[in-house]
There are 2 protein chains.
Amino acid sequence: MATGRTHRPATRSRGIPEATVARLPLYLRALTALSERSVPTVSSEELAAAAGVNSAKLRKDFSYLGSYGTRGVGYDVEYLVYQISRELGLTQDWPVVIVGIGNLGAALAGYGGFASRGFRVAALIDADPAMTGKPVAGIPVQHSDDLEKIIAEDGVSIGVIATPAGVAQAVCDRLVAAGVTSILNFAPTVLSVPDGVDVRKVDLSIELQILAFHEQRKAGEEPGDEQPAPPQAAAPVAPPVATRTTAEGGRKGPDGDVPAVMPA
Amino acid sequence: MATGRTHRPATRSRGIPEATVARLPLYLRALTALSERSVPTVSSEELAAAAGVNSAKLRKDFSYLGSYGTRGVGYDVEYLVYQISRELGLTQDWPVVIVGIGNLGAALAGYGGFASRGFRVAALIDADPAMTGKPVAGIPVQHSDDLEKIIAEDGVSIGVIATPAGVAQAVCDRLVAAGVTSILNFAPTVLSVPDGVDVRKVDLSIELQILAFHEQRKAGEEPGDEQPAPPQAAAPVAPPVATRTTAEGGRKGPDGDVPAVMPA
DNA sequence: TGCTGTGAAAACTTTCACAGCC
DNA sequence: GGCTGTGAAAGTTTTCACAGCA
């Protein structure tokens with residue numbers, strides 16, 4: 001598509017595929033490493049190797065951003081770092097709140113990749129009064145009673161949920177009500193949010209299960225056990241699962257993740 | 001992204017699409033919850049809502065596993081739990097080693113989702129002698145000198161890397177040399193492994209960057225319709241049940257709405 | 001009647017391969 | 001010669017829509 005007339009990568013031809021967006025951070029990381037080593041230019045082949053993708057894909061991805069390379073030479077590292085950062089919105093500073101300061105929350109708070117990439121931990125929040133005031137990664141934990149105030153004052157629009165699954169939806173509701181419009185959820189539960197709010201999910205056990213699937217394939221090349229358990233007697237349809245049949249979300253590229261409605 | 005070089009044109013393989021495999025854990029979790037509530041059967045619509053996907057996709061996914069439902073009725077919860085578990089290889093016990101017991105490693109060690117789903121933390125390993133012997137989540141940390149021995153003795157084939165990026169590749173190499181064939185990498189670096197070894201990556205900063213991308217888009221559009229910054233401080237904690245629908249990326253509407261990317 | 005299972009269409013993503021510029 | 005940028009082909013995933021069975 002985008003037939004002819006592509007003379008202005010300007011800042012207007014949006015329409016970057018989701019799969020490409022998901023890889024931009026990868027390229028950015030590889031480029032940052034090159035930049036630190038003062039490498040001036042890099043070819044699609046080299047950069048692709050550093051990012052762990054193939055070069056054709058990388059070139060195609062970059063073509064959605066514009067023509068930032070030089071034929072016969074490659075890409076200017078600094079320039080590309082800037083362009084991708086801008087595309088990702090990392091030239092501005094994003095205040096982030098982390099809710100739930102257990103081991104995971106603490107790990108996130110101390111994660112270097114945060115600060116170094118346009119994100120700033122605006123606050124650590126926990127419901128346990130015993131945690132209040134305690135510094136974690138150099139930042140004092142605040143009590144969840146103040147959540148709304150903190151979000152409003154700092155203009156936070158991104159929230160990270162690292163609480164137990166049981167309270168994740170409640171925390172999510174409060175975050176959203178307070179104005180957060182992007183949520184990164186580490187709790188193993190499906191969050192339901194209003195339209196316009198973005199949720200991304202990271203689930204450790206899901207990743208492991210996917211690995212187990214492949215691992216099983218490797219080990220059992222021979223379909224030793226195939227016969228599953230016996231069927232079941234049809235049971236009478238049971239207690240309606242309080243469905244809110246309406247929605248169904250869907251999007252996402254690489255690995256699935258999609259929010260939805262939960263039965264109450 | 002899974003790196004499974006799983007091409008098997010050979011003997012009657014069931015060839016389940018990767019996208020489907022990635023969703024099976026989601027279904028399994030939703031089904032487990034239903035099972036705990038003793039719900040006997042569930043329809044594709046209900047289960048899809050609970051898992052956060054749409055029902056057509058769910059039915060298609062299940063069709064790759066076989067015909068486990070009953071027309072006019074739905075799916076038997078217990079039976080499906082068993083089938084999916086078997087498909088994912090969770091009917092067997094997978095010993096896992098976690099290398100790098102910082103906050104993240106500790107969080108993983110204590111993560112309930114592990115134990116409850118066919119995984120067993122066989123060992124926690126750290127290079128710091130001061131950590132050796134110290135119990136984390138009830139399991140004593142072992143020194144990395146013993147890594148090979150531990151892997152061999154327990155027949156570990158899945159390893160989790162939660163070390164700093166700088167040593168991740170070295171740890172990976174040792175794991176692979178010792179016999180591990182599946183790796184879950186939390187270090188923000190690209191690991192290179194020999195053919196036949198699977199690597200999955202979880203990177204917090206990448207997820208955040210993707211959120212920032214969409215967040216930036218939201219802020220930049222606004223033809224006039226969108227909930228303006230809800231400056232309503234102190235919002236009632238009352239669950240906004242009413243307007244809640246399925247979450248979604250900033251774009252995409254209810255049903256067959258035109259997806260695509262919003263003209264920024 | 002209600003809901004699964006599934007071909008077929010549509011949408012999206014990756015890969016190929018080569019024209020075009022340095 | 002070397003390498004980018006990109007149409008077009010190939011492959012994958014999602015969605016539609018309905019036949020068919022309990």
Side-chain angles (χ1 to χ4, degrees), chain A residues 1-7 9 13 15-23 41-49 52-76 79-80 231-237 240-241 243 245 248-258, chain B residues 1-2 4 6-7 9 15-23 41-49 52-76 79-80 248-249 251-261:
Chain A
M1 11 205 74
T3 330
R5 132 229 303 143
T6 317
H7 282 316
S13 46
I16 301 176
E18 194 56 34
T20 293
V21 171
R23 281 187 295 267
T41 60
V42 66
S43 69
S44 63
E45 201 72 57
E46 295 165 329
L47 182 53
V53 304
N54 76 49
S55 63
K57 196 185 287 182
L58 176 145
R59 287 200 302 279
K60 186 60 128 183
D61 283 342
F62 285 0
S63 79
Y64 292 118
L65 307 184
S67 289
Y68 296 148
T70 305
R71 291 168 202 246
V73 178
Y75 302 91
D76 180 275
Y79 186 53
L80 206 44
Q232 298 262 261
V237 181
V241 191
T243 30
T245 336
E248 51 84 13
R251 136 176 79 76
K252 229 308 215 171
D255 298 346
D257 118 293
V258 171
Chain B
M1 19 234 356
T6 319
H7 270 293
I16 300 176
E18 195 55 36
T20 293
V21 171
R23 282 187 294 267
T41 62
V42 66
S43 70
S44 63
E45 201 72 57
E46 294 165 330
L47 183 54
V53 303
N54 75 51
S55 63
K57 195 185 288 182
L58 177 145
R59 288 200 302 280
K60 186 59 127 184
D61 283 342
F62 285 1
S63 79
Y64 292 118
L65 307 184
S67 289
Y68 296 148
T70 305
R71 290 169 202 248
V73 178
Y75 300 92
D76 181 275
Y79 185 54
L80 205 43
E248 211 310 293
R251 48 288 239 337
K252 195 267 184 184
D255 248 356
D257 187 53
V258 188
V261 180

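Each chain gets a letter, A, B and so on, in the order the sequences are listed, and its residues count up from 1. Hydrogens, waters and symmetry mates play no part in the numbers below; they use all other heavy atoms, side chains included.
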(message) Please report whether the ring centroid of A:Phe62 lies less than 6.0 Å from that of A:Tyr68.
(response) no
(request) Among the candidates D:dA22, D:dT13, C:dC22, find the nucleotide nearest to the side-chain atoms of B:Pro17. (result) D:dT13
(request) Calculate the interatomic distance between B:Glu46 atom CD and C:dC3 atom P; express it in whole Å. (result) 8 Å
(request) Compare side-chain N and O positions of A:Arg23 against OP1 and OP2 of C:dT14 and report whether any pair is under 4.0 Å apart. (result) yes
(request) Give, for atom OG1 of A:Thr20 and atom OH of A:Tyr64, the distance between the pair rounded to the nearest 0.5 Å. (result) 5.5 Å
(message) Nearest whole Å is fine: how far is C:dG2 C1' from B:Glu45 CD?
(response) 12 Å
(message) Closest approach to the side chain of B:Arg59, judged atom by atom: which nucleotide of D:dA19, C:dT13, D:dA17 is it?
(response) D:dA17
(request) Measure the CZ-CD distance between B:Arg23 and B:Glu18 for me, rounded to the nearest 0.5 Å. (result) 10.5 Å
(request) Take the protein atom CG of B:Asp61 and the nucleotide atom P of D:dT12, then report the distance between them rounded to whole Å. (result) 16 Å
(message) With rounding to the nearest 0.5 angstrom, report the CG to CG distance, A:Leu47 to A:Leu58.
(response) 5.0 Å
(message) Measuring to OP1 and OP2 of C:dG5, would you say a side-chain N or O of B:Tyr75 lies under 4.0 angstrom away?
(response) yes
(request) Give the rounded distance in Å between these two atoms: CZ of B:Arg71 and C1' of D:dA22. (result) 9 Å
(message) Rounded to whole Å, please give me the gap between CZ in A:Phe62 and P in D:dC3.
(response) 16 Å
(message) Less than 4.0 angstrom between a side-chain N/O of B:Ser44 and OP1 or OP2 of C:dT4, yes or no?
(response) yes
(request) Consider the side chain of B:Ser63, meaning its heavy atoms from C-beta on, and name the nucleotide among D:dT4, C:dT14, C:dT6 that approaches it most closely. (result) C:dT6
(request) Please state whether the phosphate of D:dT14, meaning OP1 or OP2, lies under 4.0 angstrom from any side-chain nitrogen or oxygen of B:Lys60. (result) no
(message) Measure CD/A:Glu18 against C1'/D:dT13 and give the value in whole Å, please.
(response) 14 Å
(request) Please tell me which of the listed nucleotides, D:dT4, C:dC16, D:dC16, lies nearest to the side chain of B:Ala56? (result) D:dC16
(message) Can you tell me how far apart CD1 (A:Ile16) and CG (A:Leu65) are? Round to the nearest 0.5 Å.
(response) 5.0 Å
(message) Counting only side-chain heavy atoms from C-beta out, which of D:dT4, D:dA17, C:dT15 sits nearest to A:Lys57?
(response) C:dT15
(request) Could you tell me the separation between the CG atom of A:Leu58 and the P atom of C:dT15, rounded to a whole number of Å? (result) 12 Å
(request) Consider the side chain of A:Ala19, meaning its heavy atoms from C-beta on, and name the nucleotide among C:dT13, C:dT6, D:dT13 that approaches it most closely. (result) C:dT13
(request) Hey, which sits more toward the 5' end of DNA chain C by its nearest nucleotide, A:Thr70 or A:Asn54? (result) A:Asn54
(message) I need the OH-C1' distance between B:Tyr64 and C:dT6, as an integer number of Å.
(response) 9 Å
